[in-house]
Amino acid sequence: MPTDTKLDNNDSGATGKLARLCIVLLLVLTLLSAAAGFLWLPSVKADFSARGVWDSICRAAGAPRSWGGDGGGVQSPQVATNVILLPAMMRQADSAVVGRGATLALNCTMCHGALGNSRSNAPNLAGQYPEVIAKQLNDYKSGKRSHSLMNSLAGALTDEHIAELAAYYASLPKARTAPTSYDESLPALVRVGDPMRNIAPCIACHGGVDQKLGAPWLEGMPKQYLADQLHAFKTGARANDAQQQMRNMARNMSTAEIEQVAVFYARKSNSATQ
Ligand code: HEC
Ligand code: HEC
């Protein structure tokens with residue numbers, strides 16, 4: 001039928017036009033998005049630094065800029081210390097090792113005292129836990145803890161020397177102070193800490209309630225030394241504490257609180273209140 005044919009012709013003509021329009025629109029859209037993705041975005045986003053089409057596509061899809069270590073990727077986090085503490089490091093050494101340590105320690109008496117108790121502001125070493133002395137000497141040696149003098153002195157020590165010095169100092173009697181034990185009269189930070197500020201009680205690690213491997217004996221240390229170390233942890237100048245155990249706490253302590261705990265631990269007698 002002629003009328004029907006005419007209608008059909010009209011229909012197919014309109015559909016064909018629409019299809020062409022759609023194809024053109026699709027092409028225009030494709031070109032626009034390509035221009036936006038490859039030209040406009042890289043030009044307005046400073047860190048886009050397109051290194052070619054492939055790189056742009058990968059980054060748009062979420063792939064990291066570098067899979068391996070070509071230097072452009074994220075740097076590995078800074079490690080606080082290279083020392084791994086083991087309970088075996090606490091063992092009592094035999095007397096020959098202690099004797100060799102005593103000879104080596106002649107180089108240290110000038111600052112740390114003839115029997116390991118300093119009369120200046122250097123830390124006491126007498127009666128210090130052997131694993132603490134070994135860890136600190138290793139950290140000075142590797143530069144993880146910095147102090148110009150101790151870095152150069154420790155740099156010259158072998159692993160054997162370090163073990164001998166640690167055994168010798170651990171064998172000496174401590175300064176005239178008794179261990180801290182739980183007592184209502186202890187300063188609040190020492191006894192219960194401040195949970196709201198993430199400060200754990202000192203006696204949970206430094207003796208009194210628990211003694212954590214690697215936490216130094218603090219009682220009787222020079223007050224100035226204790227305060228200096230806490231300030232160094234607070235500012236991050238000292239950063240050799242594994243898992244930021246001390247930095248996390250010192251960061252939240254005020255100067256007055258640092259002074260208070262330093263005075264407490266530097267006490268020369270048994271009394272907690274002195
Ligand atoms: C010229 C002075 C001087 C001499 C000599 C010296 N030290 Fe030290 N030592 C210091 C000072 C000061 C510090 C604290 C440094 C700091 O703030 O990090 C220290 C820190 C230490 C510590 C860390 C203690 C702690 O509680 O964290 C150890 C261990 C140590 N010295 C061992 C030795 C040994 C072993 C020798 C001998 C081979 C020696 N020192 C020689 C001055 C000295
Ligand atoms: C979670 C356990 C933990 C708690 C709680 C803790 N400490 Fe420590 N502290 C350590 C460890 C571990 C080290 C040794 C860090 C290192 O390896 O250098 C240390 C080191 C220190 C030193 C440096 C001593 C030296 O001779 O090098 C001082 C001072 C100190 N702590 C004071 C305190 C005070 C004060 C408190 C309470 C406010 C406290 N700490 C609470 C674990 C703890």
Side-chain angles (χ1 to χ4, degrees), residues 80-83 85 101-113 116 118 120-141 144-157 161-170 180 186-194 197-234 237-250 252-253 257-266:
T81 176
N82 300 325
V83 182
L85 290 167
T103 311
L104 288 168
L106 292 174
N107 290 326
C108 325
T109 51
M110 186 178 41
C111 304
H112 292 287
S118 167
S120 62
N121 281 333
N124 296 338
L125 301 177
Q128 185 57 275
Y129 305 106
E131 71 278 9
V132 166
I133 296 179
K135 178 185 184 285
Q136 300 304 324
L137 287 175
N138 274 302
D139 283 349
Y140 283 126
K141 188 177 172 179
K144 291 289 181 189
R145 180 175 174 186
S146 48
H147 182 267
S148 52
L149 249 156
M150 284 308 306
N151 287 145
S152 61
L153 278 166
L157 299 173
H161 291 160
I162 289 179
E164 289 160 359
L165 283 161
Y168 167 67
Y169 279 116
T180 305
L186 300 182
L189 277 189
V190 175
R191 186 166 48 94
V192 289
D194 186 350
R197 286 186 293 152
N198 254 339
I199 302 177
C202 316
I203 54 174
C205 293
H206 288 281
V209 170
D210 199 2
Q211 171 60 48
K212 290 272 153 55
L213 191 64
W217 170 270
L218 300 176
E219 286 84 350
M221 286 273 196
K223 193 211 101 191
Q224 192 57 48
Y225 171 74
L226 292 172
D228 286 351
Q229 296 307 308
L230 288 168
H231 279 291
F233 282 129
K234 185 180 163 92
R238 176 171 172 184
N240 67 325
D241 52 329
Q243 281 98 44
Q244 306 210 25
Q245 289 178 93
M246 282 307 303
R247 274 172 288 167
N248 281 338
M249 277 176 293
N252 296 322
M253 288 169 70
E257 286 169 335
I258 288 178
E259 185 71 12
Q260 187 196 28
V261 294
V263 166
F264 169 74
Y265 275 112

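Read the numbers this way: they start at 1 and go in the same order the structure lists the ligands and their atoms. Owing to the predicted nature of the structure, the values given are computational and were not obtained by experimental measurement.
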Could you list which atoms of ligand 2 come closer than 4.0 Å to a heavy atom of Lys135?
16 (C), 17 (O), 18 (O)
Residue Ala200 vicinity, atoms of ligand 2 by number, heavy atom under 4.0 Å:
5 (C)
Where the closest heavy atom to atom 27 (O) of ligand 1 is concerned, which of Gln128, Arg145, Met110, Gln229 has it?
Arg145
Which is it for Cys202 and ligand 2 at heavy atoms under 4.0 Å: side chain, backbone, both or neither?
both
May I ask you to identify, for Leu218, whether its side chain, its backbone, both or neither come under 4.0 Å of ligand 2 on a heavy-atom basis?
side chain
Just which atoms of ligand 2 are under 4.0 Å from any heavy atom in Leu230?
32 (C)
Check each heavy atom of Asn240 against ligand 2 and say whether those closer than 4.0 Å belong to the side chain, the backbone, both or neither.
both
Proximal ligand 2 atoms for Pro201, defined as those under 4.0 Å from one of its heavy atoms:
5 (C)
Report the part of Gln136 in contact with ligand 2, treating N, CA, C, O as backbone and CB onward as side chain, heavy atoms under 4.0 Å; options are side chain, backbone, both, neither.
side chain
Closest heavy-atom approach to atom 11 (C) of ligand 1 among Ala166, Pro123, Gly116, Cys111 is made by Pro123
Look at Met150 and state whether any of its N, O or S atoms is less than 2.8 Å from atom 8 (Fe) of ligand 1.
yes
Which ligand 2 atoms does Asp241 reach within 4.0 Å, using its non-hydrogen atoms?
15 (C), 16 (C)
